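Below you'll find the structure, written out as structure tokens, and then a few comments.
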2 protein chains.
Amino acid sequence: MDEPRSAAAGTAPTLEDVARVAGVSRATVSRVVNRTRNVDPAIQETVRQAVAAVGYVPNGAARSLITRRSGSVALVASGAGEGQEEEFRTRFFTDPFFSRVVNGVMGFLRPRGMHPVLMLAETEEARAEVIAYLRQRSADGALVVSTHADDPLPEQLVAAGLPAVLFARPARPVPIGFVDLAHQEGARLAADRLVGQGCRRVAVISGPLDIRAARERQDGFLEAMARHGEPLVPTAEGNFTQASGEAAMQRLLLERPDLDGVFAANDLMAQGALHILREHGRRVPEDVRVVGFDDSSAAVASRPALTTVRQPVEEMAAEMARLLLDRIEGRADGPRSAVFDPVLVVRQSG
Amino acid sequence: MDEPRSAAAGTAPTLEDVARVAGVSRATVSRVVNRTRNVDPAIQETVRQAVAAVGYVPNGAARSLITRRSGSVALVASGAGEGQEEEFRTRFFTDPFFSRVVNGVMGFLRPRGMHPVLMLAETEEARAEVIAYLRQRSADGALVVSTHADDPLPEQLVAAGLPAVLFARPARPVPIGFVDLAHQEGARLAADRLVGQGCRRVAVISGPLDIRAARERQDGFLEAMARHGEPLVPTAEGNFTQASGEAAMQRLLLERPDLDGVFAANDLMAQGALHILREHGRRVPEDVRVVGFDDSSAAVASRPALTTVRQPVEEMAAEMARLLLDRIEGRADGPRSAVFDPVLVVRQSG
DNA sequence: TTGAAAGCGCTAACAA
DNA sequence: TTGTTAGCGCTTTCAA
């Protein structure tokens with residue numbers, strides 16, 4: 001099998017080269033390469049052979065200079081801007097949540113020949129870079145995973161007229177698409193489960209209350225408990241890390257040593273709660289039932305495995321990508337959104 | 001504060017527009033934007049103001065058409081090609097290892113204005129796509145995280161003359177740069193620790209032995225144990241997942257119910273071992289000591305926290321990126337590599 | 001130090 | 001159905 005000589009050679013072959021070899025014009029080669037109709041099958045074959053012979057690969061820059069498409073989308077991890085860059089990165093990447101988003105996004109993008117470019121936007125400078133990146137058309141749009149309610153990035157994107165879709169509804173009403181979960185509904189599922197299993201003295205480990213999802217999970221849970229005739233439910237705030245879940249559980253145990261049920265606003269914190277409960281000699285689920293949230297890898301990794309409220313992150317991420325492409329390719333008129341329903345996944349802990 | 005009118009308008013402003021406003025030529029604007037020397041400070045200022053006034057952002061495609069640089073690198077998750085796409089993705093993304101690589105890569109790339117594009121290469125088709133992506137200059141080079149010894153991608157990259165650096169030394173000697181860990185040395189650290197703590201009946205949970213790193217960790221451990229006068233060490237093979245660690249621990253316990261030490265080739269499997277040991281009423285570290293490998297987030301997440309061999313993944317990933325940029329920017333002559341030293345991190349489990 | 005002009009490689013009207 | 005031609009927006013000689 002002949003190796004195309006040009007592969008390792010100095011200059012990459014261009015359309016021109018293929019055209020010369022095939023004995024046709026550049027335009028025809030372009031049509032064949034881009035699968036445009038209206039090309040004589042015989043010529044098509046000739047061109048394909050010429051392409052193979054010279055080892056031609058279209059130049060992406062030249063192509064997107066004219067199509068105004070880069071073939072990639074920015075996948076942005078956006079934060080509030082208070083933290084250190086490295087700490088933010090580590091926190092973000094350590095959480096299984098982010099991996100699931102990446103997974104779901106790639107699943108959708110890949111068959112469509114598009115690729116995600118990872119970006120961080122936790123400082124004003126970084127946000128400006130993201131905006132500039134999009135404005136210079138290095139990416140066709142942005143998928144934004146935002147961690148704070150007062151993140152200014154969504155509004156900046158809208159102001160710049162850039163295609164973007166968020167994971168989680170924006171804090172202030174902004175004309176931008178998003179995917180989200182019915183968090184309150186999910187929390188209600190957890191409350192119903194705990195009560196249904198006979199728990200009467202339950203407590204909540206919430207996420208950071210400046211994150212909308214965290215607040216909705218807490219509110220939904222408290223509301224459901226109130227409906228069950230339990231208006232007084234102690235709460236402790238964590239920050240979605242396992243360590244914060246441990247600390248919160250400690251506080252809760254001090255406040256209410258006789259508790260028999262815990263709802264944690266994510267699995268990582270639930271896992272932390274499990275550790276502390278065991279240290280204090282509480283058996284799960286016999287003495288205390290624990291329900292988590294997310295159904296992340298942490299849910300099956302812990303012992304006992306977590307009963308948890310499933311957030312279909314991969315599907316949501318895929319939908320987010322779909323909404324963005326619809327927008328980019330002009331299929332969508334205004335910003336569109338999708339809200340997913342949570343499901344209770346019963347395992348051992350609750 | 002005036003908003004640049006063109007931001008949300010139909011067409012983005014070009015160099016031409018800036019030049020007109022500033023009353024200079026395109027070339028001069030280009031020089032100012034690209035910080036080239038030899039521009040009159042006064043003119044420089046005028047140009048900057050014009051840039052701000054029209055809200056100019058250079059067009060990336062036009063720029064890279066001529067510079068032949070895209071400003072991004074492919075971050076490739078490469079597999080052997082036997083598995084299902086989705087399973088591969090999920091496995092890969094669930095492992096904290098990948099997140100750490102991304103984290104380290106971004107830490108290095110970001111200050112240099114470069115961005116990672118995520119790609120998968122687990123089938124021949126996907127590999128071809130990666131190669132094409134690089135050949136069409138959509139990325140300036142590739143960072144490859146390979147999971148199997150017989151992965152053909154490294155050789156394909158070399159054959160195509162594309163800049164690339166691997167995480168982990170290639171199976172067959174190929175002229176390509178890589179970063180790696182002294183795995184055998186790390187395993188020796190684990191063996192010394194277990195023996196030093198008085199363990200006499202130890203066992204190994206290895207990774208998939210078709211992965212070089214897994215084999216080296218096992219070999220290094222067995223060799224060290226032999227030196228300690230323990231030539232017979234039972235082993236069980238896992239696949240680096242927690243579930244496989246559990247299964248392996250079950251088998252080991254059956255084979256050697258009186259074991260008092262376990263070395264697992266990664267933390268996830270060690271975590272699985274911990275679960276099984278507890279189920280069987282073995283206390284860790286009192287009855288059985290457990291040492292993991294990696295020092296990933298799983299190491300601090302488990303109870304007891306894992307004593308483990310630290311692999312500085314973030315640093316290694318950053319170095320991988322550095323080696324690639326050196327190559328891309330022509331600072332490196334041939335392929336260069338770096339091998340890192342592991343360190344024992346003592347926590348509770350061993 | 002600045003400007004004029006020539007392309008980088010490609011796609012898309014428009015003609016033939 | 002095919003070819004011709006005109007740029008896309010930028011960088012970079014080469015002259016001035």
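Note that the structure is predicted; figures quoted are calculated from it, not measured. So that the names make sense, note that chain A is the first sequence line, chain B the second, and so on, each numbered from 1.
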Validation row: [X], [Y] side chains within 4.5 angstrom (heavy atoms):
X        : Y        : result
A/Leu143 : A/Pro116 : no
A/Asn59  : B/Leu65  : yes
B/Tyr133 : A/His115 : yes
B/Glu314 : B/Val105 : no

| task | Would you kindly check whether a donor in the side chain of A/Arg68 faces an acceptor in the base of D/dG9, or vice versa, at under 3.5 angstrom? | result |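 Donor-acceptor pair under 3.5 Å: no.
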| request: State whether the distance check finds a donor on one side and an acceptor on the other, under 3.5 Å, for side chain B/Arg137 versus base C/dG9. | output: no
Does OP1 or OP2 of [N] have a side-chain N or O of [X] closer than 4.0 Å?
X       : N      : result
B/Ser25 : C/dA4  : no
A/Thr28 : D/dT2  : no
A/Ser30 : C/dT11 : yes

[X] has an atom [atom1]; how far is it from atom [atom2] of [N], in whole Å?
X        : N      : atom1 : atom2 : value
B/Arg35  : C/dT1  : CZ    : P     : 18 Å
B/Glu16  : D/dT11 : CD    : P     : 13 Å
B/Arg31  : C/dT2  : CZ    : C1'   : 6 Å
B/Gln44  : C/dT2  : CD    : C1'   : 13 Å
B/Arg63  : D/dT11 : CZ    : P     : 5 Å
A/Gln136 : D/dC8  : CD    : C1'   : 16 Å
B/Asn34  : D/dT12 : CG    : C1'   : 11 Å
A/Asn59  : D/dG9  : CG    : C1'   : 14 Å

| Closer to the 5' end of DNA chain C via nearest nucleotide, is it B/Leu65 or A/Thr67? |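 Here B/Leu65 is the residue nearer the 5' end.
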As a test of reading the structure: which of [options] is closest to the side chain of [X], going by heavy atoms?
X       : options              : answer
A/Asn38 : C/dG7, C/dC10, D/dT1 : D/dT1
A/Ala27 : D/dT4, D/dC8, D/dT11 : D/dT4
B/Thr14 : D/dG9, D/dT12, D/dC8 : D/dG9
A/Arg26 : D/dA6, D/dG3, D/dC10 : D/dA6

| Pairwise 5' ranking along DNA chain D for B/Ala62 and A/Gly23, keeping only the more 5' one | A/Gly23
| task | Using a strict cut-off of less than 4.0 Å between a Lys/Arg side-chain nitrogen and an Asp/Glu carboxylate oxygen, indicate whether B/Glu122 and A/Arg110 qualify as a salt bridge. | result | yes
